[in-house]
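Comments concern the structure below.
Note that these values count all heavy atoms, side chains included, but never hydrogens, waters or copies made by symmetry.
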Amino acid sequence: MQEIRVSLGSRSYPIVIGAGWLRAVGERIREVIGRKAIRAAVISDSRVAPLYVPTVAESLRASGFAVAEMQIPEGEQHKNLAWLALVYDRLVEAQIERSSPVVAVGGGVVGDLAGFAAATVLRGVPFIQVPTTLLAQVDAAIGGKTGINHAAGKNLIGAFHQPRLVAIDIETLRTLPRREYVAGLAEVVKYGAILDGELFERLERNVDGLLRHDFELLAGVVERCCRLKARVVEEDETEGDYRAILNFGHTIGHAIETLTEYRRLLHGEAVAIGMVCAARLSHALTSLPRAGMERLEKLLHALGLPTQVPPDLGRGQIALAIEADKKAAGGKIKFVCLETIGKTRFEALSANEIARAAIL
């Protein structure tokens, strides 16, 4: 069992990483929430709920909580206002109180939607992340970003609401569909590319181990990514400046997700394509050597991730989608470029400049 502290003053919280400990998660939730709370809400999706909600709910009940369970359908396309409204209805029906924790059990979609509900119902209630996908364990569950999608763009509606606990059981990765697992590896590669050249090299050396779910390897990789994410969040909690480094690959990735209505590609797949595009732009406009660009594309390809923009999406379409990005300011995007593997820089670029330089 490993524990990492995200140090944010009164909003600090632990990330606990272990294997096979979901049956005891209620005790840890009680510890961080306190004795006052008598109710808890567990939110999951239709695929994850049958696998893990009974264990989490039983653990919560054993720790003295009355538990209300609720589900949303699986898929990014359901991270929207309509399903958020249904969650609000269920939370009100469950008579949750200001001290009642909302517990998200699932991937990034569940965590984002449940977290936004927790941030806004009763003007904010405690939030617990129990991420069951690799992508959520290394990235989405940490840092307090919550939100829902809008037709004009991804995560355009949301709030920062830090969890009180991130409870990671890597055993949950055993039931993750292979495509989702591989998609999560894109975010792992991202951390190596932007922050940790040694991690990137470890990934290059261990492609086979990653693909066969070597759990000793995975435990170390998940822990390292969590430490990197915690460090960035501690330095810039609400993405005023430095935290934007984590958007590497996401500007174009989000545009692709929006244009394909969140149905064709998983988030990690879109980010993988976006990272290749960002590396191509970095080589064209900054100092990234061709060898660095090729290393990134080679690793993503070896892991089974897509690296090419869908052929039916043109530069003009992607530029328009980028213009709607919530990170735009004064017509410019703070675009994350690579100087070398493990080191980044920001470039202020227009959507058209990004599309022209990044997309073949």
Salt bridge (charged side-chain N to carboxylate O under 4.0 Å, His left out) partners for [X], two or more places apart:
X	value
Arg264	Asp312
Asp236	none
Asp208	none

Under the 3.5 angstrom rule, does the side chain of [X] hit a backbone N or O of [Y] as a donor-acceptor pair?
X	Y	value
Glu234	Ser7	yes
Arg315	Ile359	yes
Ser44	Val105	yes
Glu27	Ala24	no
Thr133	Ala136	yes

Side-chain touch [X]/[Y], heavy atoms, less than 4.5 angstrom:
X	Y	value
Glu269	Glu257	no
His250	Lys154	no
Leu185	Tyr181	yes
Leu135	Val271	no
Val48	Val53	no
Cys277	Ile318	no

Subject >> Pairs meeting criterion salt bridge (Lys or Arg N to Asp or Glu O under 4.0 Å) with involvement of residues 39-55, two or more places apart >> reply: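 Listed once each, the pairs are Arg39-Glu97, Arg47-Glu74, Arg47-Glu180.
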Compile the donor-acceptor pairs under 3.5 Å between side chains in residues 158-172 and protein atoms, sequence neighbours left out, one pair per line.
from	atom 1	to	atom 2	distance (Å)
His161	NE2	Val125	O	2.8
Gln162	OE1	Tyr13	OH	2.9
Gln162	OE1	Gly144	N	3.3
Gln162	NE2	Gly143	O	2.8
Gln162	NE2	Glu237	OE2	3.3
Arg164	NH2	Val32	O	2.8
Asp169	OD1	Gly20	N	2.7
Asp169	OD1	Glu171	N	2.9
Asp169	OD2	Gly20	N	3.1
Asp169	OD2	Trp21	N	2.9
Asp169	OD2	Leu22	N	3.3
Glu171	OE1	Arg174	NE	2.5
Thr172	OG1	Gln137	NE2	3.2
Thr172	OG1	Asp169	O	2.8

What pair of heavy atoms forms the shortest contact from [X] to [Y], and how long is it?
X	Y	result
Arg202	Asn206	O-ND2, 2.8 Å
Leu349	Phe335	CD1-CB, 4.1 Å
Leu288	Ala279	CD2-O, 3.5 Å

For [X], give me all partners under side chain to side chain contact (heavy atoms under 4.5 Å, CB included), at least two apart in sequence or on another chain.
X	result
Gln2	Ile17, Glu223, Arg227
Lys298	none
Ala37	Arg30, Ile33, Phe65, Ser99, Pro101
Glu201	Glu204, Arg205, Arg295

**OP:** Please report the C-alpha distance between Glu347 and Arg345 in whole Å, then the side-chain angles of each, then the deciding distance to 0.1 Å, and finally whether the salt bridge (Lys or Arg N to Asp or Glu O under 4.0 Å) criterion is met.
**Re:** CA-CA 7 Å; Glu347 292 287 336; Arg345 63 189 276 187; 2.7 Å; yes
Original post:
Counting only heavy atoms not in Glu261, do more than 12 fall under 6.0 Å of its CD?
Top reply: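 No - once you tally the heavy atoms of other residues, nucleotides and ligands closer than 6.0 Å, there are 12 at most.
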Pairs under 3.5 angstrom only: tabulate donor-acceptor contacts from the side chains of residues 112-122 to other protein residues two or more places apart or in another chain.
from	atom 1	to	atom 2	distance (Å)
Asp112	OD2	Lys79	NZ	2.8
Thr120	OG1	Tyr88	OH	2.5
Thr120	OG1	Phe116	O	2.6
Thr120	OG1	Ala117	O	3.4

Original post:
Is there a donor-acceptor contact under 3.5 Å linking the side chains of Glu239 and Asn247?
Top reply: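 A donor-acceptor contact under 3.5 Å links the two side chains.
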Original post:
Looking just at side-chain N and O atoms, do Gln308 and His301 make a donor-acceptor pair shorter than 3.5 Å?
Top reply: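 No, His301 and Gln308 have no side-chain donor paired with an acceptor closer than 3.5 Å.
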Subject >> Inter- and intrachain pairs under side chain to side chain donor-acceptor pair (under 3.5 Å), touching residues 55-66, at least two apart >> reply: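 Qualifying pairs: Arg61-Glu69.
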Original post:
With the 4.5 Å side-chain cut-off for hydrophobic clustering, are Met275 and Leu134 part of the same group?
Top reply: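 Met275 clusters together with Leu134.
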Original post:
Checking Lys190 against Phe248: charged group under 6.0 Å from the ring centre and within 45 degrees of the axis?
Top reply: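 No.
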Would you tabulate the side-chain donor-acceptor contacts of residues 211-221 under 3.5 Å, counting partners in other chains and residues two or more places apart, or write 'none'?
from	atom 1	to	atom 2	distance (Å)
Asp214	OD1	Glu216	N	3.1
Asp214	OD1	Leu217	N	3.0

